[in-house]
Amino acid sequence: MATSLIKGSIGILPPGALGVSLFYHLTGELQQINGQVYFLERRGSTSAAALKQSGKINIATPQGIQSLETENLLQSDLLTCCQSGFLPEIVLVCTNPDQLLGVITTMVELLVMLYERGSISALQESFPIFVLAANGIYFQRFRQIFVEKIEEAILFARLPDLWPAIMPQIVCRLLRGVTIQTGLRQGSGKNTVYKPGPSGRTQITGTDAITRAYCTEILAGRGAWFEEAVHGSPTRVEFDKALVNLVTNFLGQLLAIDSQGNFRALTVGEILDPVHQPRMRELVYQVFRVGQMVKVYDLQEDVEVIFQEVLQTCRPHSEHITSSLQWVQMKLSLGTLEPKITPTEAWLLEPLIRYAKAAGLEDTANYFQQLKDELVRKLALAKG
């Protein structure tokens, strides 16, 4: 049985804080739930299995908590959907960055399944557009891994030779969605409540202009804040977002844990207090230096302008507690906090350190390493 895409449909992988927030805004604040936007399980996910078993997703709205039945809103993983003969036209990948490799592997397995079902020659009708929305600086690397895994499948005859006609079409189905959409997850298990943040911008970048524009049109057409990135380079957009994440999430953790290890969940507004701006400026400057060396920032650009843009992006979310601080707070409450940085921070700092070393910026590489070490020390001290 051939597999076809359901035109205009959007699968959100998986149902987490970010995914639920995007679902909330893509459904007109839950007023347009018509089967066109739904959640997808991540293969092997215990949380998705628990959510399906509970039978509901609890979402906090201004009118109170709404409990939505998962029977029609939470679909199986992508391979199971393919076996059933249908797939969403767009998949918003909202996993943690350390889970992206598993998603890329699933994408290649999906291509193999489509080939076995005779659907690979008509990709626009059978293979979804994937939008990677996890935080971090990773798009070029994971696009390369995607191609390598496809080549490996060709080598072992799981796929036919896809060059020169089909391979570019496949790679063009992988996009980057750099988002400032916020959301909260409170509680655990069947008592989990998701609280979507205000509508935040998601910039679509990467791939060819036609696919990018088409994808943006579908997503924005549902009323959520999606737009094409002004800068053509996915890495440039990732760097711009990295500045926001580093200032609010990473620096926020350093500020939230004092020298005695006392933790207080700071809001974005508290993190942006002018007393902290010298440290913010230094952080932005060091990222800017690396960005110039890898050609994502022009030599004539003004770092102060970029710094002010970061503040302007953050200020509308002044009441928000960032995801990293929520994570520390949750781990402290459970007694499971460990002295190691989250995957989100790792996928920001590790690429910056690698780029800085490759560009000969040893002092900058040391600066980022010292930040990592400082955070690990603070997490080791942290107590509620």
Side-chain angles (χ1 to χ4, degrees), residues 5-40 42 57-63 65-66 68 70 72-75 87-95 103 128-135 139 173-185 193-207 209-231 234 237-238 240-241 244-245 268 312-317 319-320 322-323:
L5 303 179
I6 306 301
K7 291 297 183 180
S9 62
I10 302 164
I12 299 174
L13 172 70
L18 174 59
V20 171
S21 288
L22 291 174
F23 175 84
Y24 179 78
H25 294 292
L26 285 164
T27 57
E29 301 181 354
L30 308 183
Q31 299 305 305
Q32 301 165 16
I33 299 178
N34 55 14
Q36 283 291 89
V37 183
Y38 50 84
F39 298 105
L40 294 164
R42 183 175 61 85
I57 299 176
N58 301 315
I59 302 177
T61 74
Q63 294 75 39
I65 295 176
Q66 292 195 35
L68 305 180
T70 60
N72 296 318
L73 288 183
L74 179 56
Q75 301 293 336
L87 286 166
E89 187 170 22
I90 296 173
V91 176
L92 290 175
V93 181
C94 303
T95 62
V103 175
I129 296 171
F130 287 85
V131 182
L132 305 184
N135 286 323
F139 184 73
R173 310 286 287 179
L174 182 63
L175 284 72
R176 181 71 167 94
V178 180
T179 186
I180 59 170
Q181 179 61 58
T182 60
L184 293 172
R185 172 179 171 165
V193 176
Y194 295 97
K195 185 176 181 180
S199 182
R201 182 181 65 180
T202 302
Q203 295 179 285
I204 304 297
T205 183
T207 195
I210 294 176
T211 304
R212 188 169 61 244
Y214 177 71
C215 178
T216 306
E217 180 182 3
I218 292 176
L219 294 167
R222 299 199 62 86
W225 189 357
F226 286 85
E227 61 185 43
E228 286 190 70
V230 174
H231 302 286
V237 185
E238 286 183 326
D240 289 343
K241 177 60 190 310
V244 173
N245 281 339
V268 170
Q312 184 178 359
T313 299
C314 295
R315 281 177 181 137
H317 307 282
E319 300 301 316
H320 178 64
T322 68
S323 58

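Positions are given from 1, in the same order as the sequence printed here.
Remark: the backbone N or O of Phe139 is paired with a side-chain donor or acceptor of Glu238 at under 3.5 angstrom. Side-chain atoms of Arg212 come within 3.5 Å of backbone atoms of Gly206 as a donor-acceptor pair (strictly under, hydrogens ignored). Ser21 contributes a side-chain N or O that, together with a main-chain N or O of Thr182, makes up a donor-acceptor pair within less than 3.5 Å. Listed for the Gln181 side chain is a donor-acceptor partner under 3.5 Å among the backbone atoms of Pro198. The backbone N or O of Thr179 lies less than 3.5 Å from a partner atom in the side chain of Lys241, making a donor-acceptor pair. Looking at Gln36, its side chain does come within 3.5 Å of a backbone N or O of Lys7 through a donor-acceptor pair. Formation of a donor-acceptor pair under 3.5 Å by the His25 side chain with backbone atoms of Gly197 is found in this model.
For the residue pair Ala209 and Glu228, the shortest heavy atom distance occurs at O-OE1, 4.5 Å. Residues Ile129 and Cys215 come closest through the heavy atom pair CG2-SG, 4.1 Å. The two residues Pro15 and Tyr194 make their nearest non-hydrogen contact at O-OH, 3.5 Å. Residues Ile12 and Gly19 approach most closely at CG2-CA, 3.5 Å, considering heavy atoms. Closest heavy-atom contact between Pro88 and Gly11: CB-N, 3.5 Å. Between Leu13 and Leu40, the shortest heavy-atom distance links the atoms CD1-O, 3.4 Å.
The stretch residues 194-204 participates, sequence neighbours left out, in these salt bridge (charged side-chain N to carboxylate O under 4.0 Å, His left out) pairs: Arg201-Glu227.
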What verdict does the side-chain contact (heavy atoms from CB on, under 4.5 Å) test give for Glu29 and Tyr24, after you've listed the backbone C-alpha separation in whole Å, the side-chain angles of each residue and the deciding distance to 0.1 Å? CA-CA 5 Å; Glu29 301 181 354; Tyr24 179 78; 3.5 Å; yes

Given side-chain contact (heavy atoms from CB on, under 4.5 Å), test Leu30 with Ile59 step by step and report yes or no. CA-CA 9 Å; Leu30 308 183; Ile59 302 177; 4.1 Å; yes

The test is side-chain contact (heavy atoms from CB on, under 4.5 Å); show your working for Leu92 and Leu26 and say whether it passes. CA-CA 11 Å; Leu92 290 175; Leu26 285 164; 3.8 Å; yes

Worked check of side-chain contact (heavy atoms from CB on, under 4.5 Å) between Thr202 and Trp225: CA-CA 6 Å; Thr202 302; Trp225 189 357; over 6 Å; no

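Here the CZ-CD1 distance, from Phe226 to Ile218, works out to 11.5 Å after rounding to the nearest 0.5 Å. Atom-to-atom distance recorded for Leu184:CG and Leu18:CG is 12.0 Å, nearest 0.5 angstrom. Atom CZ in Arg176 sits 15.5 Å away from atom CZ in Phe130 (nearest 0.5 Å). A distance of 10.5 Å separates CD1 of Ile180 from CG of Asn245, quoted to the nearest 0.5 Å. If you take CD1 on Ile204 and CD1 on Ile90, they are separated by 8.0 Å, rounding to the nearest 0.5 Å. Atom CZ of residue Phe39 and atom CG of residue Leu74 lie 8.0 Å apart, to the nearest 0.5 angstrom.
Judged by distance alone, the side chains of Glu89 and Tyr214 do bring a donor and an acceptor atom under 3.5 Å apart.
Contact annotation: the side chain of Ile10 never approaches that of Phe23 to less than 4.5 Å [non-hydrogen atoms, C-beta and beyond].
Of the options Val268, Asn135, Thr313, a side-chain contact (heavy atoms from CB on, under 4.5 Å) to Val244 is made by Thr313 and by none of the others.
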